[in-house]
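Below is one structure, written out as structure tokens; the observations come after it.
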Amino acid sequence: MADTTSAVGGGVQDVYGEDCATEDQIITPWTLSVASGYNLLRDPRYNKGMAFTHEERDAHYLRGLLPPVVISQQLQEKRLMQNLRSFEAPLHKYISLMELLDRDEKLFFKLLIDNMEELLPIVYTPTVGEACQRYGSIFRRPRGLFISLNDKGKILEVLKNWPEKSIQVIVVTDGERILGLGDLGCQGMGIPVGKLALYTALGGVRPSACLPITIDVGTNNEKLLNDEFYIGIRQRRATGKVYSDFLHEFMTAIKQNYGEKVLVQFEDFANHNAFELLEKYSPTHLVFNDDVQGTAAVVLSGLVAALKSLGGTLADHTFLFFGAGEAGTGIAELLALEMYHQAKLPVDESRKKIWFVDSKGLVVSSRMESLQAFKKPWAHDHEPVTNLIDIIKAVKPTALIGTSGQGKTFTKEVIEAMASFNKKPLIMALSNPTTQSECTAEEAYYWTEGRAIFSSGSPFNPVEYNGKVFFPGQANNAYIFPGFGLGLVMSGAIRVHKEMLLAASEALGGTVTQEDCQKGMIYPPISNIRKISAHIAANVAAKAYEIGVATRLPQPENLVKFAESCMYNPNYRNYR
Ligand SMILES: NC(=O)C1=CN([C@@H]2O[C@H](COP(=O)(O)OP(=O)(O)OC[C@H]3O[C@@H](n4cnc5c(N)ncnc54)[C@H](OP(=O)(O)O)[C@@H]3O)[C@@H](O)[C@H]2O)C=CC1
Ligand SMILES: CC(=O)C(=O)O
Ligand SMILES: [Mg+2]
């Protein structure tokens with residue numbers, strides 16, 4: 001395969017190492033060839049299973065390598081769904097789907113796109129969490145790039161080993177905060193792989209343009225360090241200068257290898273690194289932190305949609321976040337900015353409507369000295385309170401938002417306290433996976449006698465209470481990042497601005513219908529996500545053009561149509 005985009009180091013786009021400047025360099029001898037015969041069946045990009053026609057079988061030396069019958073993609077899809085449904089354990093479904101991805105990429109994405117509601121909980125939260133926990137045991141074939149401390153000084157070389165050169169989106173983790181499951185080290189790789197599967201299925205970014213990366217700087221997870229099947233380096237996490245120098249080498253190599261327009265999505269870093277990385281690389285790279293910014297956009301959209309039932313403006317409400325980390329403070333920042341936009345309420349005033357609880361209790365000004373920087377703006381004057389029920393009684397929030405990673409913390413008493421002074425308490429249990437959810441949908445509806453507006457990070461089935469069916473929404477950044485990324489890619493954006501996040505949030509909100517609201521939903525059905533992603537992408541791209549960070553010129557006239565035309569299509573193609 002020819003390297004067509006990244007220069008090997010000569011003058012302008014020296015692809016094959018032909019310039020004087022590369023005379024002394026070692027070159028990767030990429031070659032271009034047509035796959036045929038046995039190799040064609042082993043290439044997941046081009047394999048079509050039994051869908052090769054007789055003509056194709058003749059032309060590509062496949063005769064005899066397949067059973068004689070030709071089966072359409074649709075029938076293969078039906079057969080695979082039947083097989084998947086026969087597995088009881090979600091983890092077995094996960095393994096089977098990942099094997100399909102390794103075997104027949106188009107069929108994998110067709111299944112995912114056509115059966116979104118059923119398969120998302122397998123490829124994504126909650127099952128991907130279990131898969132990461134057991135990644136060492138279920139490991140079959142590597143996906144993506146593993147960059148460990150052993151590769152120090154050679155990260156550019158590692159990137160050059162990846163066969164695809166036209167990379168548009170990278171999702172990278174260092175595995176330190178995988179969902180609400182903590183430090184899973186190198187086994188966090190399941191998350192970039194899962195997120196990028198959604199980039200393609202939900203946002204239409206080509207699979208060949210997606211690159212999952214895990215940075216392995218060790219793990220502090222004793223269980224993994226003692227697990228004979230652990231796949232990462234067996235040492236405690238590197239910190240301080242060793243960590244930041246390594247990440248800097250990575251970020252520099254990314255830009256050197258893929259240029260200015262590759263999107264780097266930081267995912268599931270612990271907050272002590274996440275905020276710093278975002279701040280450090282935002283001015284120089286196209287970076288986006290999904291946990292801070294993607295979550296903010298999706299939750300803001302849900303809060304705005306909830307106003308249709310709750311009444312008033314955002315500034316008329318009081319928000320209590322249970323958990324003051326990346327997700328919580330990220331949401332709060334965007335919420336305060338939107339309050340400013342809506343009501344021209346100065347950001348400092350908006351902040352007073354937003355309260356935080358962390359592991360030590362209410363975040364108050366008397367704790368200022370010991371607070372991490374990202375909590376300081378939310379430390380208000382109040383006496384210290386530690387018990388959540390007492391905090392609810394003191395703050396009287398209209399919305400309670402769980403971003404703690406601690407399951408079952410919204411107890412009956414907590415929810416009842418919310419229901420005691422709110423006609424329609426807004427409860428969001430955002431922590432993932434399901435085991436870490438602050439409460440279940442059933443609990444939220446039952447304990448509020450059906451009055452709650454509820455949504456959660458991981459999916460819950462509809463709940464029947466008193467003869468009425470309630471439809472909990474999934475408040476997950478999956479609604480945002482695929483469309484957001486597509487918007488950046490299709491406009492050739494080189495930087496992310498906050499206004500682009502607001503644009504994404506607004507676009508998502510605009511897709512919630514009156515019918516959704518009547519069902520108590522503050523998010524549209526996930527089955528419509530590809531259409532929604534096209535709208536999000538168009539809004540984000542429009543903002544990129546307006547701000548002047550878009551490089552794909554001239555600006556397409558109809559951005560929604562353009563977004564749709566850029567989207568990956570999983571149907572098998574005909575081969576000559
Ligand atoms: N639905 C979605 O789209 C998303 C969901 N999430 C989920 O949100 C959760 C948190 O993620 P993130 O914000 O990145 O994690 P962080 O580690 O950055 O933040 C967690 C916060 O929860 C607080 N906390 C922990 N235990 C308690 C407790 N017992 N009582 C009160 N507060 C507590 C921590 O307190 P302290 O600061 O004192 O340690 C910290 O402030 C995860 O489960 C993650 O899966 C994240 C991103 C998107
Ligand atoms: C959804 C997500 O990004 C998280 O739970 O970390
Ligand atoms: Mg995440």
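These figures come from a predicted structure and were not determined experimentally. In each ligand, atom 1 is the first atom listed, and ligand 1 is the first ligand listed.
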Tell me, which residues have any heavy atom less than 4.0 Å from some atom of ligand 2? Tyr124, Arg177, Leu179, Lys195, Glu267, Asp268, Asp290, Asp291, Asn432, Asn476, Asn477

What atoms of ligand 1 come within less than 4.0 Å of a heavy atom belonging to Thr403? 10 (C), 20 (C), 21 (C), 22 (O)

Is the CZ atom of Arg134 crowded by more than 12 outside heavy atoms at less than 6.0 Å? no

Any Lys375 heavy atom less than 4.0 Å to ligand 1: yes

If I consider every N, O or S atom in Asp291, which one ends up closest to the Mg ion (ligand 3)? I only need its name. OD1

Element-labelled atoms of ligand 1 that are located less than 4.0 Å from some non-hydrogen atom of Gly180: 42 (C), 43 (O), 45 (O)

So, for Phe109 and Tyr568, is the gap between ring centers shorter than 6.0 Å? yes

Counting heavy atoms only, which of Val363, Thr409, Asn432, Leu371 comes nearest to atom 4 (C) of ligand 1? Asn432

Among the N/O/S atoms of Asp268, the Mg ion (ligand 3) lies closest to OD1

Please confirm whether Gln436 comes under 4.0 Å of ligand 1, counting heavy atoms of the residue only. no

Please identify which atoms of ligand 1 are closer than 4.0 Å to at least one heavy atom of Gly323. 21 (C), 22 (O), 23 (C), 41 (O)

Check this for me - ligand 1, Lys360, N or O atoms closer than 3.5 angstrom, yes or no? no

Can you classify the ring geometry of Phe319 versus His317 as parallel (below 30°), tilted (30 to 60°) or perpendicular (above 60°)? tilted

Between the candidates Ala274, Ser359, Gly328, Gly407, which shows the shortest non-hydrogen contact distance to atom 36 (P) of ligand 1? Ser359

Is the gap between the ring centers of Phe266 and Phe288 under 6.0 Å? no

Taking atom types as modelled, is there a side-chain donor on Ser431 or Gln406 under 3.5 Å from an acceptor on the other? no

Residue, atom and distance of the protein heavy atom nearest atom 19 (O) of ligand 1 read Gly325 CA, 3.3 Å

Check whether any N or O atom of Ala475, backbone or side chain, sits under 3.5 Å from an N or O atom of ligand 1, and answer yes or no. yes

Angle class for the Tyr445/Phe454 ring planes (parallel below 30°, perpendicular above 60°, tilted otherwise)? perpendicular

Residue and atom name of the nearest protein heavy atom (relative to atom 25 (C) of ligand 1), distance in Å to one decimal: Ser404 O, 3.7 Å

Presence of salt bridge, Glu118 and Lys93, under 4.0 angstrom: no

Examine the proximity of ligand 1 to Thr295 and report which part, side chain or backbone, both or neither, has a heavy atom under 4.0 Å away. side chain

Starting from atom 8 (O) of ligand 1, what is the nearest protein heavy atom, named by residue and atom, and what distance separates them? Ser431 OG, 3.8 Å

Can a donor-acceptor pair be found between the side chains of Thr125 and Ser458 at a distance below 3.5 Å? yes

Protein contact of atom 13 (O) of ligand 1 - nearest heavy atom, named by residue and atom, plus distance: Ala327 N, 2.9 Å

re atom 30 (N) of ligand 1, the protein heavy-atom contact at minimum distance is Phe322 CZ, 3.2 Å

Heavy atoms from other residues, nucleotides or ligands near NZ of Lys424 exceed 12 (cutoff 6.0 Å): no

Between Arg367 and Asp358, does any NZ, NE, NH1 or NH2 come within less than 4.0 Å of an OD or OE carboxylate oxygen? yes

Candidates Val357, Val299, Ile331, Thr329 - the one meeting side-chain contact (heavy atoms from CB on, under 4.5 Å) with Phe321: Ile331

May I ask you to list the atoms of ligand 1 that are less than 4.0 angstrom from any heavy atom of Gly457? 1 (N)

Output yes when the distance from some N or O of ligand 1 to some N or O of Leu430 is under 3.5 Å, and no in every other case. yes

Does a salt bridge link Lys412 with Glu416, judged by any charged N lying under 4.0 Å from a carboxylate O? yes

For the pair Glu506 and Lys543, find out whether any cationic side-chain nitrogen is under 4.0 Å from an anionic carboxylate oxygen. no

Distance alone, cut at 3.5 Å: any donor-acceptor contact between the side chains of Asn477 and Lys195? yes

Closest non-hydrogen protein atom to atom 31 (C) of ligand 1, residue and atom name please, with distance? Asp358 O, 3.3 Å

Atom name, Glu267 (N, O or S, nearest to the Mg ion (ligand 3)): OE2

Check for me whether Lys375 meets the cation-pi criterion with Phe356, that is, NZ or CZ under 6.0 Å from the six-membered ring centre and within 45 degrees of the ring axis. no

Please state whether the rings of Trp355 and His380 are parallel, tilted or perpendicular, taking 30° and 60° as the class boundaries. perpendicular

Taking atom types as modelled, is there a side-chain donor on Tyr281 or His248 under 3.5 Å from an acceptor on the other? yes

Please indicate whether any nitrogen or oxygen in Ala324 is less than 3.5 Å from any nitrogen or oxygen in ligand 1. yes

For atom 16 (P) of ligand 1, what's the nearest protein heavy atom and its distance? Asn271 ND2, 3.5 Å

Among Arg177, Gln406, Glu326, whose heavy atom sits nearest atom 46 (C) of ligand 1? Arg177

Nearest to atom 3 (O) of ligand 1, what protein heavy atom do you find, and at what distance? Asn477 N, 2.9 Å

More than 12 heavy atoms of other residues, nucleotides or ligands under 6.0 Å from CD of Glu499: is that the case? yes

